Engineer: 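Have a look at this one before I ask anything.
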Amino acid sequence: MTYQINLANIQGNILTGFNKDFQSFLFLTFTDTEEARRWLTDIIPEVATVEEVQAFKNLFKLVNKRRRGELGTVSSTWMNVAFTHSGFEALGVSGLDLDSFPEAFKAGMKARAAEIGDVGASDPEHWIAELGSKEIHALLIFASDSPIELRKYIMRHTTILESYQSIKIAFAQDGMDRADQPGHEHFGFRDGISQPGIRNFTTPQNPDNQDQGIPGQDLLHAGEFVLGYPTQIPQAKPDHDGPNSDPGENSQSGPTWTVDGSYLVLRRLRQDVPAFKRFVEHMAAKLGISKDLMGAKMVGRYASGAPLERTEKQPSYFTPPQHDPGLGDKSLLKDDNINNFEFGEDEEGKIVPRAAHIRKTYPRDQGGNDRESDTQTHRMLRRGIPFGSSYRPELANFYPNTEDRGLLFLAYQSDIERQFEFVQKLWVNNVNFPQPGDGEDPIMAQSPEGSFKLPLPGKGGGCPVHSLSIKHFVTTTGGEYFFQPSIEALQHLTK
Ligand code: HEM
């Protein structure tokens, strides 16, 4: 089914992703409706759309291809804006419209803490003060290829903000790609590899399957991520293994003006890198495997991004660290392979443990009753970026080690409860998913002391299942649920 996505009306970070190395997030509070509306009127012409970001990406590709590499000749700086439920209230949205939003968005992330496992050290009472105690109304997202251009653009916007006395910056957070390991999060693994494909937007590139972008990347209906378009049907088609390709009902949530908008979940997740590295080293030594393989068992991918599920037949599977198959076999990093795998033939988790991060968060053909079709109703467009400096103990004498580093997790979806909250609560934090006793996601375990089941085939043919106690390596230090309206809706909100 072909339908047109209104790319000129949807904010740019949603479907395309700014995907810039330098980003910054300003959290705002309003106390005067008229001023907030005037400010919004002022900035709407600068809000980047999918159409613009996509056009830039095409130009970037074209220039790079002919000139053989990144010469820095084409660059851009973008801005997007999102609001919380109380932000809409502060903007003067009617009571009827406010009431029509879904419960999770109305409540906000703090109020949902117990639901999504933000307890103990992650309890909002321990969040950084500005995010834990203040009520946030709006979020400005800035992204650029250049740190200087980013600063200039933020300065321009803080100057605009200063002219509105009632609007305050409650908190500012920078995000930056790691200079020492570009594209990798702080534990050292390449991130941002697997994203859902979008029908009528992502180009089908698999000659054997027109329902995929790159091989293995299932194309989903746009309504999973943007309101007003067909959604996925959770039931499988008879006699068909893959995700149901038929269009489901159009996504709809809140007032009519939410069409072409998307819900944004933002989480500030602090990572305890030294503790993670110690754990991986200790367990690898104990189990007699390489550190690289141990890390890959926890994530489901090697640090390079190579999918563990595809490496089983590599001759070097059990060889010492210097022969890490994931790092060595570059072909696994190619578009044809990097996302092209399922877990169905590895039911026991002998290759990728069932609780490994990418298997918990996207079980592919293993989730729910109708498997692929069901799984595909719980997906998100992830737009995360690291914050804080890299953990480099050898430089500790020269640069202060602040320990406050982690991931700014950003994810777009059309239904927070069915997508982010479902994944966090019923998959990640659920010790009995996919199967009873599988344990917690070892990357993001939220309980203070969890455990994780790791089947490890030995050379002799046996496969003992190890139950490993895992520490809490990731702590939530702030977060919020936002809605990112269309350009037309932004205009509507100014009236
Ligand atoms: C500090 C916290 C986190 C770290 C270090 C982390 C790290 C990673 C890494 C290294 C990957 C593999 C790269 C890729 O496939 O793109 C990944 C994939 C993924 N993560 Fe996370 N992640 C974190 C938090 C989260 C959270 C909070 C969620 C959602 C609740 C999440 C959901 C996913 C999903 C859906 C995938 C893609 C799985 C796939 O499509 O195969 N992650 N993450």
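Worth saying up front: this structure is predicted, and the values here are computed from it rather than measured. One-based numbering, in listed order, for ligands and for the atoms of each. The analysis underlying the following values was restricted to heavy atoms, covering all of them including side chains, and did not include hydrogens, waters or symmetry mates.
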Engineer: Considering distance alone, does some N or O of Gly192 sit under 3.5 Å from an N or O of ligand 1?
Structural biologist: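 For ligand 1, there is an N or O atom that lies under 3.5 Å from one belonging to Gly192.
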Engineer: Within 45 degrees of the axis of the six-membered ring of Phe409 and under 6.0 Å from its centre: does Arg268 put its NZ or CZ there?
Structural biologist: no
Engineer: Applying ring-ring contact (aromatic ring centres under 6.0 Å, His included) as the test, list every pair that has at least one member in residues 264-292; sequence neighbours left out.
Structural biologist: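 Listed once each, the pairs are Phe187-Phe276, Phe276-Phe473, Phe279-Phe473.
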Engineer: Provide the protein N, O or S atoms situated under 2.8 Å from atom 21 (Fe) of ligand 1; waters are not included.
Structural biologist: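 Short answer, with waters excluded from the count: His357 NE2.
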Engineer: Would you check whether Ile193 has a nitrogen or oxygen atom less than 3.5 angstrom from a nitrogen or oxygen atom of ligand 1?
Structural biologist: yes
Engineer: Can you name the side-chain contact (heavy atoms from CB on, under 4.5 Å) partners of Ile385, sequence neighbours left out?
Structural biologist: Gln23, Phe25, Leu408
Engineer: Thinking salt bridges, do Glu372 and Arg364 make one under a 4.0 Å N-O criterion?
Structural biologist: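 Between Arg364 and Glu372 there is no salt bridge, as every charged N stays at least 4.0 Å from the carboxylate O atoms.
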Engineer: Could you check atom 39 (C) of ligand 1 against the protein and tell me its nearest heavy-atom contact, residue, atom and distance included?
Structural biologist: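 Looking at atom 39 (C) of ligand 1, the protein heavy atom closest to it is Ser194 OG, 3.2 Å.
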Engineer: What pairs with Thr77 under side-chain contact (heavy atoms from CB on, under 4.5 Å), at least two apart in sequence or on another chain?
Structural biologist: Ser144, Glu149, Tyr153
Engineer: Nearest protein heavy atom to atom 41 (O) of ligand 1, by residue and atom, and its distance?
Structural biologist: Arg364 NH2, 3.0 Å
Engineer: Cation-pi between Arg379 and Tyr362: NZ/CZ under 6.0 Å from ring centre and within 45° of the ring axis?
Structural biologist: yes
Engineer: At less than 4.0 angstrom from any non-hydrogen atom of Phe420, what atoms of ligand 1 do you find?
Structural biologist: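 Reading through ligand 1 atom by atom, the close ones are 30 (C).
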Engineer: Of all the atoms in ligand 1, which lie at a distance below 4.0 Å from a heavy atom belonging to Phe189?
Structural biologist: 10 (C)
Engineer: What are the atoms of ligand 1, with element, lying closer than 4.0 Å to any heavy atom of Arg190?
Structural biologist: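 By the 4.0 Å cutoff, the relevant atoms are 10 (C), 12 (C), 13 (C).
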Engineer: Start with the C-alpha distance between Gln484 and Asn80, add both sets of side-chain angles, then the distance that settles side-chain hydrogen bond (donor to acceptor under 3.5 Å, both in side chains), and finish with yes or no.
Structural biologist: CA-CA 8 Å; Gln484 214 161 302; Asn80 268 182; 3.1 Å; yes
Engineer: Of the protein's non-hydrogen atoms, which lies at the shortest distance from atom 30 (C) of ligand 1, and what is that distance?
Structural biologist: Gln424 OE1, 3.5 Å
Engineer: Answer yes if the ring centres of Tyr481 and Phe483 are under 6.0 angstrom apart, and no otherwise.
Structural biologist: no
Engineer: Locate the shortest heavy-atom distance separating Leu426 from Phe433; write the atom from each residue and the value.
Structural biologist: O-CB, 3.6 Å
Engineer: Looking at atom 15 (O) of ligand 1, what's its closest protein heavy atom, distance included?
Structural biologist: Arg301 NE, 3.3 Å
Engineer: If you measure only the distance, is there a donor-acceptor pair under 3.5 Å linking the side chains of Asp180 and His184?
Structural biologist: no
Engineer: What atoms of ligand 1 come within less than 4.0 Å of a heavy atom belonging to Arg379?
Structural biologist: 40 (O)
Engineer: Ring centroid separation for Phe482 and Tyr263, is it under 6.0 angstrom?
Structural biologist: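 No: the rings miss the under 6.0 Å criterion.
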